[in-house]
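Letters go in sequence order (proteins before strands), and every chain restarts at 1.
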2 protein chains.
Amino acid sequence: MYSVAIEDYLKSLWKLGPKNVGTQELADNLDVTPASATKMIQRLTERGLVDHIPYRGASLTKKGELEALSVVRRHRLLETFLSQTLGLGREQLHDEAEKLEHALSKNLENAIADYLGNPKRDPHGHPIPGPNGELYNETDLPLSDSPLNMSLTVMQVPDDDSNVLSWLEKNGIHPGIQLKILSRDDFDGGINVSINNRKIRISSSIASLVKISFED
Amino acid sequence: MYSVAIEDYLKSLWKLGPKNVGTQELADNLDVTPASATKMIQRLTERGLVDHIPYRGASLTKKGELEALSVVRRHRLLETFLSQTLGLGREQLHDEAEKLEHALSKNLENAIADYLGNPKRDPHGHPIPGPNGELYNETDLPLSDSPLNMSLTVMQVPDDDSNVLSWLEKNGIHPGIQLKILSRDDFDGGINVSINNRKIRISSSIASLVKISFED
DNA sequence: TATAAAGTTTAGCCAAGGCTAAATTCAAAT
DNA sequence: ATTTGAATTTAGCCTTGGCTAAACTTTATA
């Protein structure tokens with residue numbers, strides 16, 4: 001239905017939203033020039049996928065959002081599928097799914113969802129939109145500003161930075177793992193956590209990318 | 001590396017080869033106009049993927065053939081993978097693999113081959129080229145001109161005609177099945193075969209698409 | 001052998017999606 | 001209030017891969 005490029009633009013707008021997204025920010029995210037982004041925004045606007053106020057930014061229409069969620073669903077189902085079947089590591093999943101997501105038919109999407117038992121999260125803990133774009137209420141919080149000395153469960157890690165992912169994996173941090181924040185460095189925001197009686201220091205930039213919940 | 005269009009042209013040239021392929025035949029196979037095919041043949045020739053003598057036809061160079069075999073390998077590995085994991089029917093596999101094959105990285109190709117144990121044939125019985133384009137000697141013969149009253153093993157069915165495939169499936173004909181030709185209609189070439197004590201008539205056009213061997 | 005038909009190529013057009021350079025608009029700071 | 005700089009848009013170009021219509025080869029037929 002939609003081209004690879006259009007799907008990529010919608011996905012980026014969704015990731016950067018729901019606020020109005022600037023041309024520069026979008027262009028950076030897609031690795032194109034601002035001029036290219038402007039042109040595409042105009043095309044998407046014509047197709048009713050995007051609302052655009054010149055010089056003010058762009059945001060997805062309902063139609064555009066649904067299409068974006070469909071891409072995100074395919075992406076996350078693929079990650080889950082590749083993880084379960086081939087046992088790919090979390091740091092490999094994103095790039096592969098990024099390519100395959102545009103070539104996944106509705107049929108195959110359904111077959112995979114079925115095979116996996118309609119999972120609610122992918123291997124990074126990111127919620128998988130339902131077949132009609134349903135996305136359940138997100139309540140996970142950044143590890144960076146969670147309270148000390150509570151038992152926390154890691155719920156989400158980033159999916160698109162394989163360096164960060166490799167570091168997290170090496171230190172045993174992934175969805176499902178329990179940890180406790182022992183102390184916080186007031187200057188740089190870094191935290192000391194304990195995982196299975198090991199102590200690890202996590203920089204604030206990484207900690208802000210890890211989401212936790214208080215449940216276990 | 002190569003675009004979807006280029007990969008499709010190489011694959012078609014490979015399927016229609018190894019003889020010189022006419023512009024019309026190629027265009028028909030790809031559902032484009034002859035003029036478009038001509039232009040692409042010229043581009044492929046410039047890239048050293050194709051040899052072209054104007055008005056006489058085109059054929060793959062060694063480089064082009066290797067690239068084509070790489071696409072075919074991805075296609076057949078994907079068919080095998082989707083069949084094994086998701087249990088898709090033979091008549092669904094081709095179209096899905098057709099889309100995904102262009103988005104499959106070398107890494108994923110290897111992971112899938114590994115997972116499957118480096119299979120030599122796909123679910124239609126078609127040989128899967130090796131990672132460097134190795135294709136083992138093809139000795140299977142068309143069912144249409146096989147001898148009567150011998151125990152034959154079905155080795156290959158077509159992959160790209162879901163109607164034919166559905167008919168074959170409905171009649172229990174797929175790779176691995178044993179059958180015997182009871183008689184042949186001298187006028188239209190249709191044959192009467194017995195499969196598990198059932199008698200079935202197979203038209204000559206379908207019989208020419210089914211390949212058999214004498215081994216069991 | 002001359003001509004018609006079939007197949008192929010060329011010419012010129014189009015849309016998508018990039019780019020650079022120049023013009024425009026908005027916002028921030030004098 | 002003006003100016004300056006950053007962000008955005010426009011203008012114009014490029015490549016890819018389609019298309020149609022017209023020209024050109026080759027092959028088949030009369």
Among D/dT16, C/dT20, C/dG17, the nucleotide that comes nearest once only the side chain of A/A35 is considered: C/dT20
Between CG on residue A/L88 and CG on residue B/N107, distance to nearest 0.5 Å: 8.0 Å
Rounded distance (Å) that lies between atom P of C/dT25 and atom CD1 of A/I53: 16 Å
Angle between terminal axes - the helix from C/dT1-D/dA30 to C/dT30-D/dA1, 5 pairs each end, rounded to 10°: 20°
Residue B/T38, side-chain atoms from C-beta onward, closest of C/dG17, D/dC19, C/dT10: C/dT10
Among C/dT25, C/dT10, D/dG17, the nucleotide that comes nearest once only the side chain of A/Y55 is considered: C/dT25
Whole-Å distance separating the CE atom of B/M40 from the P atom of C/dT9: 15 Å
Shortest side-chain distance from A/V32, nucleotide among D/dT10, C/dT10, C/dG18: C/dG18
B/K19 atom NZ: more than 12 heavy-atom contacts under 6.0 Å: yes
Closest nucleotide among C/dT9, C/dC19, D/dG17 to the B/T23 side chain: C/dT9
OP1 or OP2 of C/dT8 under 4.0 Å from side-chain N/O of B/H52: no
C/dG17 OP1/OP2 closer than 4.0 Å to side-chain N/O of A/S36: no
Rounded distance (Å) that lies between atom P of D/dA7 and atom CG of A/N20: 16 Å
For atom CG of A/L26 and atom P of D/dA7, their distance in whole Å: 15 Å
Among D/dT27, C/dG18, D/dT20, the nucleotide that comes nearest once only the side chain of B/R56 is considered: D/dT27
Nearest to side-chain heavy atoms of A/Q42, which nucleotide of D/dG18, D/dT9, D/dT8: D/dT9
Min side-chain heavy-atom separation A/Y9-A/V32 under 4.5 Å: yes
Flag for B/R74-B/S70: side-chain donor and acceptor within less than 3.5 Å: yes
Per B/Q24 side chain, nearest of listed nucleotides D/dC19, D/dT26, C/dT8: C/dT8
Full working for side chain to side chain donor-acceptor pair (under 3.5 Å) between A/N29 and A/S12: CA-CA 7 Å; A/N29 198 265; A/S12 281; 2.7 Å; yes
Can you give each donor-acceptor pair under 3.5 Å made by side-chain atoms of residues 35-42 of chain B, sequence neighbours left out, with the distance rounded to 0.1 Å?
unit_1	atom_1	unit_2	atom_2	d
B/S36	OG	B/T33	OG1	3.0
B/T38	OG1	B/P34	O	3.1

B/Y2 side chain near D/dT16 phosphate (N/O to OP1/OP2, under 4.0 Å): no
Modelled atom types, side-chain donor and acceptor of A/S105 and B/E96, under 3.5 Å: yes
Interatomic distance, A/D31 CG vs C/dG17 P [rounded to whole Å]: 17 Å
Of the listed nucleotides C/dC19, C/dG17, C/dT9, the one nearest the side chain of A/S3: C/dG17
Whole angstrom value for the distance that separates P of D/dG17 from NE2 of B/H102: 12 Å
Whole-Å gap separating C1' (C/dG17) and CD1 (A/I41): 14 Å
Spacing between B/M1 atom CE and D/dT16 atom P, to the nearest angstrom: 14 Å
Aromatic contact, B/H174 with B/H124 (centres under 6.0 Å): no
Closest-nucleotide 5' rank along DNA chain C - winner of A/P54 and A/R43: A/R43
